[in-house]
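Naming: A, B, ... by sequence-line order, numbering from 1 per chain. Treat the numbers as computed from the prediction; the structure is a model and nothing was measured.
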Amino acid sequence: MTDSTTLQRVVNRRLPGLRWPGTRDHPNPMSKHNFFREHITSRIAKVSDLPAEQAARVLEIPPDPKLGEYAFPCFLLARQRKSPPPKVASWLASQLLCDDVVEAVTAQGPYVNFRLTASSLASRVLPEIATTQAGYGRSDLAATIVIDFSSPNIAKPLSIGHLRSTVLGNALGRVFRHLGAKVVGINHLGDWGTQFGYLVTGWRRWGSEEELTRDPIRHLFEIYVLANASEDPAIKEEARATFKAMEEGDQPSLALWQRFRSLSLQVFGRFYEDLGVTFESQDGEAFFNDKMEPALALLAEKGLTTVSDGALVYPMGPEKKPALLKKSDGSTLYLTRDLAAALYRLKTYAPDKVLYVVGMPQKEHFRELFTMLAALDPANKDRFVHVDFGQYRFAEGKMSTRSGNVIFLEEVVARGVEMAKVKIEEKNPDLEDRETTARLVALGAIVFGDLVNDRVKDIVFEWEKVLDFEGDTAPYVMFAHVRARGILRKLAEEGVEPDLARLQPGLLGHEHERRLMVALGQFPETLDTVARTLKPHTLATFLLELARTYHRFCHDCPVLKAEPGLKESRLILTHAVATVLSLGLQLLGIRAPDRM
RNA sequence: GCCCUCGUAGCUCAGUCGGAUAGAGCAACGGACUUCUAAUCCGUGGGUCGCAGGUUCGAUUCCUGUCGAGGGCGCCA
């Protein structure tokens, strides 16, 4: 019942700005329903005969908030009227009178700037947040979205490289769920292949129950490395034979494999729990073992495959560049498994979109896969998206598992937690449950430090940066949240709770207060941008900006000691900020502590 | 050789649809805690947006070329 055009319809109605990679249209993200925007553009339309829709398309946010909340560039209008833009701007400004929404209309060069009244800002934004709470910014995107993410290899330790796919997929899933989509998270585990022949062979020679209990992944990895590095042809031969036997259902070997798999899942599970990562399915490559032949048959039926040098290939594009589906010895490949998996997912979940959160190096692989899927069914054309991302590297060069210069996730977390404990000792030694808070802070810093970067870029790994808790970091955002919670707590002790009935919107006219409200009002649009671009870093930078403004507010605008009326109003504002900071972090997979 | 991505302050990065004097953080220097947590705030210095063309009233943004970095290119995943 759902196909990509249905989604596009749904998306266009609900989120006009939502554009999926690979599509041609560039609808204006800012045209999303927004009271202030509509108010301003409808008034411009009334006096200038420029359609409101067109005015909305160019209405922008001024570079300096001092200029106002919105700005209308007059270049288009100027051309229509054959008159210089600054002249048109001052004419337009003179035609637009202030009202209870717009406090000042000023022409500045070719722009007309609009400054909103504090009372309209406050009465539009604050009640909405107060009533919707953690549901603020929710939408009803009626779509099913499958997200393939994290997908580590079993029996190997997680490295910092696994972090990207995991946190990106998690954040995207959370945002889409918030926007109303049904999200199917899939951990497509690397749990099959010749490597497991080596692992089982190695285990039979060097395996130790004791070591396996103590640190399963480390032990299995040692064995794997040992077996792989071995020059002994007998080991190589045994490994090959073992895997072949596994494929044919050899019970003793499969039992071992099953055990290693579940031990790995247990270890990964602790990390996923920390990050609030959940999956609807953890079916890995092995699961698709028996689903490849039918998939290949489907392709063959349509005459899409050919045989070349004894191998089964799919010829790509006009140059017929072959994508290899079956080796000349008859064994299958990564692409074959992904094809089977994709078809299975289509059948099982009937998704509108399937996102693969996988690194940039596999771009070509997905291009091949998506081309084949589109050839099978034209409806698949825009359904599949490779959410690609850059790699972690050192300033000196690349990380490489083989040469051993990798950073393991476990170590990053451990050092982060230690660092956070030192910081707590120094800043807030009376804090209860320091272990938990230190963990939240460290994990937040690591996750945020990743997500704050545009995913297409490589990330230079530096310990000092990962362990930094000041400046543009998760702890900075968390601390703003902690300050807000502190104020709420103090006032609660006085018996004062945030109460919309006591909001006096006209009093929140301080520059910091205005900026806070503007930012809070932009939260829903920010979520749409994340969904549209599949780039959570927009939300991360939004949160930094909101936190920064709130820290300034804390510095200059006392709540407890404010006059009656202003005090209650600032309390409501503080509550709204706390709500959005905590919600925003949560959508990134980060839990915000109440104290730190 | 062909294809993909990136290049913005000393360093790490933002910059929305092409729009106003290109913004943060770190590092450096100078200020602000008897006050709701100073993991904070304020100030100073720091830029040929890799380079050259093109499109445009207007380009960090779009196009072409070029240089630099990284990645990919039939029997790995």
Side-chain angles (χ1 to χ4, degrees), chain A residues 17 26-31 57-58 60-64 67 71 73 75 78-79 84-85 108-111 113 153 190 192-195 285 308-313 321-329 331 333-335 337-338 359-365 367 388 390-391 393 395 397-398 420 423-424 426-428 431 441 449 452-454 456-460 462 464-465 468-473 475-476 478-480 482-491 525-526 529 532-533 537-538 540-541 544-545 547-548 550-552 554-562 570 574 595-596:
Chain A
H26 289 254
N28 174 11
M30 295 308 190
S31 68
R57 196 156 37 229
V58 295
E60 58 187 70
I61 292 160
D64 184 350
L67 295 168
F75 303 101
R79 185 179 299 189
Q108 209 146 103
Y111 294 88
N113 294 322
N153 293 327
W192 203 244
T194 325
Q195 41 182 331
E285 299 184 330
S308 155
D309 297 335
L312 186 70
V313 300
K321 204 176 131 244
L324 205 60
L325 284 164
K326 215 174 192 184
K327 297 196 255 184
S328 44
D329 69 359
S331 56
L333 291 118
Y334 180 44
L335 184 62
R337 267 189 291 281
D338 262 4
M360 201 93 72
Q362 298 191 43
K363 194 107 196 147
E364 188 62 18
H365 164 74
R367 215 172 65 83
D388 57 351
Q391 314 285 290
R393 58 185 61 255
K398 78 176 276 189
K423 206 78 179 177
I424 290 170
E426 172 193 329
K427 300 289 181 186
N428 194 1
L431 185 69
V441 170
V452 80
N453 297 288
D454 188 333
V456 304
K457 300 201 184 181
D458 288 346
I459 298 183
V460 176
E462 288 164 304
E464 314 84 75
K465 215 182 162 192
D468 187 12
F469 298 153
E470 287 166 25
D472 285 354
T473 62
Y476 179 88
M478 288 173 167
F479 187 50
V482 161
R483 291 180 110 172
R485 289 285 170 218
I487 291 170
L488 291 165
R489 208 162 42 231
K490 273 267 162 60
L491 279 169
E525 293 169 66
T526 304
T529 303
R532 196 179 73 250
T533 60
H537 82 282
T538 320
T541 51
L544 283 175
E545 198 49 47
R548 201 186 324 283
Y550 190 70
H551 279 305
R552 290 182 183 143
C554 286
H555 195 266
D556 297 337
C557 305
V559 180
L560 263 57
K561 289 189 305 188
R570 282 182 173 168
T574 285
R595 304 171 206 249
M596 64 191 273

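Against the 90° criterion about 0, the sugar-base torsion of rC57(B) places it in the anti range.
Counting heavy atoms of neighbouring residues, nucleotides and ligands inside a 6.0 Å radius, atom CZ of Arg489(A) exceeds 12 of them. Counting non-hydrogen atoms of neighbouring residues, nucleotides and ligands closer than 6.0 angstrom, the CZ atom of Arg548(A) exceeds 12 such neighbours.
For the residue pair Ala484(A) and Thr574(A), the shortest heavy atom distance occurs at O-CG2, 3.6 Å. Nearest heavy-atom pair, Pro62(A) versus Ala71(A), reported as atom, atom and distance to 0.1 Å: CG-CB, 3.9 Å. Nearest heavy-atom pair, Ala547(A) versus Ala480(A), reported as atom, atom and distance to 0.1 Å: CB-CB, 3.8 Å.
Across all strands, Lys326(A) comes closer than 4.0 Å to no nucleic acid atom at all (heavy-atom distances). Contacts of Met596(A) with the nucleic acid, taken as non-hydrogen atoms under 4.0 Å apart, include base atoms. Contact annotation for Val482(A): base contact, defined as any heavy-atom pair under 4.0 Å involving a base atom. The residue Asn153(A) sits apart from the nucleic acid: no heavy atom pair falls under 4.0 Å. Residue contacts shown for Leu488(A) are absent, as no nucleic acid heavy atom lies under 4.0 Å away. Within 4.0 Å of Gly109(A), counting heavy atoms only, lies no atom of the nucleic acid at all. As judged by a 4.0 angstrom heavy-atom cut-off over every strand, Lys423(A) is placed among the base-contacting residues. Residue Ala71(A) is in base contact, counting any heavy-atom pair closer than 4.0 Å across all strands shown. Nucleic acid contact for Thr541(A): sugar-phosphate only, since backbone atoms but no base atoms lie under 4.0 Å from a heavy atom of the residue. Among the heavy atoms of the strands lying under 4.0 Å from Asp458(A) are primed sugar atoms or P, OP1, OP2 only; no base atom is included. Residue contacts for Glu285(A): at a heavy-atom cut-off of 4.0 Å it reaches the sugar-phosphate backbone alone, with no base atom in range.
Between rC29(B) and rG46(B), the two C1' atoms lie 12 Å apart (nearest whole Å). With both ends at atom P, the span from rC6(B) to rU16(B) equals 13 Å, rounded to whole Å. When the P atom is used for both rU60(B) and rU66(B), the distance is 22 Å, rounded to whole Å. Distance check on atom P: rG25(B) versus rU40(B) gives 10 Å, rounded to whole Å. The gap from the C1' atom of rA77(B) to that of rA59(B) amounts to 42 Å, rounded to the nearest Å. Comparing the C1' positions of rA14(B) and rG7(B) gives an interatomic distance of 15 Å, to the nearest angstrom. Rounded to whole Å, the C1' atom of rA28(B) lies 31 Å from the corresponding atom of rA20(B). Atom name P, nucleotides rU44(B) and rC4(B): the rounded distance is 45 Å, in whole Å.
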Problem set entry | Stepwise side-chain contact (heavy atoms from CB on, under 4.5 Å) test for Met596(A) and Arg485(A) | CA-CA 11 Å; Met596(A) 64 191 273; Arg485(A) 289 285 170 218; over 6 Å; no

Problem set entry | Check against side-chain contact (heavy atoms from CB on, under 4.5 Å), Leu544(A) and Val452(A) | CA-CA 9 Å; Leu544(A) 283 175; Val452(A) 80; 4.1 Å; yes

Problem set entry | side-chain contact (heavy atoms from CB on, under 4.5 Å) between Lys321(A) and Glu364(A), intermediate numbers included | CA-CA 12 Å; Lys321(A) 204 176 131 244; Glu364(A) 188 62 18; 3.0 Å; yes

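Checking side-chain atoms of His551(A) against main-chain N and O of Arg483(A) turns up no donor-acceptor pair under 3.5 Å. Looking only at distances, a side-chain donor or acceptor of Asp329(A) sits under 3.5 Å from a matching main-chain atom of Ser331(A).
rG74(B) makes up no base pair with any nucleotide shown, lacking Watson-Crick or G-U wobble contacts both under 3.5 Å. The nucleotide rA69(B) finds its pairing partner in rU5(B), both defining distances of the Watson-Crick or G-U wobble pair being shorter than 3.5 Å. If you check rU56(B) for Watson-Crick or wobble pairing at under 3.5 angstrom, you find it has no partner at all. Searching all strands for a Watson-Crick or G-U wobble partner of rG43(B) with both distances below 3.5 Å returns rC29(B). A 3.5 Å limit on both hydrogen-bonding distances identifies rG23(B) as the Watson-Crick or G-U partner of rC13(B).
Atom-to-atom, CG of Asp556(A) to C1' of rC36(B) comes out at 13 Å; the value is rounded to the nearest Å. Here the P atom of nucleotide rU35(B) and the CG atom of Leu560(A) are 13 Å apart, to the nearest Å. In this structure, Arg367(A) atom CZ and rC3(B) atom C1' are separated by 8 Å, rounded to whole Å. Counting to the nearest Å, the P atom of rU5(B) and the CE atom of Met360(A) are 9 Å from each other.
At rG15(B), one or more side-chain N or O atoms of His537(A) fall inside 4.0 Å of OP1 or OP2 (strictly under the cut-off). Distances shown here put a side-chain N or O of Lys327(A) below 4.0 Å from the OP1 or OP2 atom of rC76(B). OP1 or OP2 of rC41(B) lies within a sub-4.0 Å distance of a side-chain N or O belonging to Tyr476(A). A close approach under 4.0 Å does not occur between any side-chain nitrogen or oxygen of Lys457(A) and OP1 or OP2 of rG70(B).
Place Pro62(A) and Gln195(A) on RNA chain B by their nearest nucleotides, and Pro62(A) ends up nearer the 5' end. Nearest-nucleotide positions on RNA chain B place Val460(A) closer to the 5' end than the other of Val460(A) and Arg483(A).
From Gln108(A), atom CD reaches atom CG of Asn113(A) across 5.5 Å, with rounding to the nearest 0.5 Å.
Between rG15(B), rC36(B), rC73(B), one nucleotide has an atom nearer to the side chain of Ile487(A) than all others, and that is rC36(B). Closest contact between the side chain of Gln108(A) and the listed nucleotides rA14(B), rG74(B), rA20(B) involves rA20(B). Taking every side-chain heavy atom of Pro475(A) into account, rA39(B) is the closest of rA39(B), rC75(B), rU37(B). With rA20(B), rC75(B), rU37(B) as the choices, the nucleotide that has an atom nearest any side-chain atom of Glu60(A) turns out to be rA20(B).
Looking at Lys398(A) and Gln391(A), their side chains never come closer than 4.5 Å, going by heavy atoms from C-beta outward.
Among Leu325(A), Leu312(A), Leu324(A), Asp338(A), the one residue that satisfies the side chain to side chain contact (heavy atoms under 4.5 Å, CB included) test with Leu333(A) is Leu324(A).
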Check nucleotides 22-25 of chain B against the protein and report each pair of N or O atoms closer than 3.5 Å, with its distance, or say if there are none.
residue: rA24(B); atom: O2'; partner: Asp472(A); partner atom: OD1; Å: 3.4
residue: rA24(B); atom: O2'; partner: Asp472(A); partner atom: OD2; Å: 3.0
residue: rA24(B); atom: O2'; partner: Arg548(A); partner atom: NH1; Å: 3.1
residue: rA24(B); atom: O2'; partner: Arg548(A); partner atom: NH2; Å: 2.9
residue: rG25(B); atom: O4'; partner: Asp472(A); partner atom: OD2; Å: 3.2
residue: rG25(B); atom: O2'; partner: Asp472(A); partner atom: N; Å: 3.4

Pull out every protein N or O sitting under 3.5 Å from an N or O of nucleotides 54-58 of chain B, one pair per line with the distance.
none

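At a cut-off of 3.5 angstrom, the base of rA20(B) holds at least one donor-acceptor pair with the side chain of Asn113(A).
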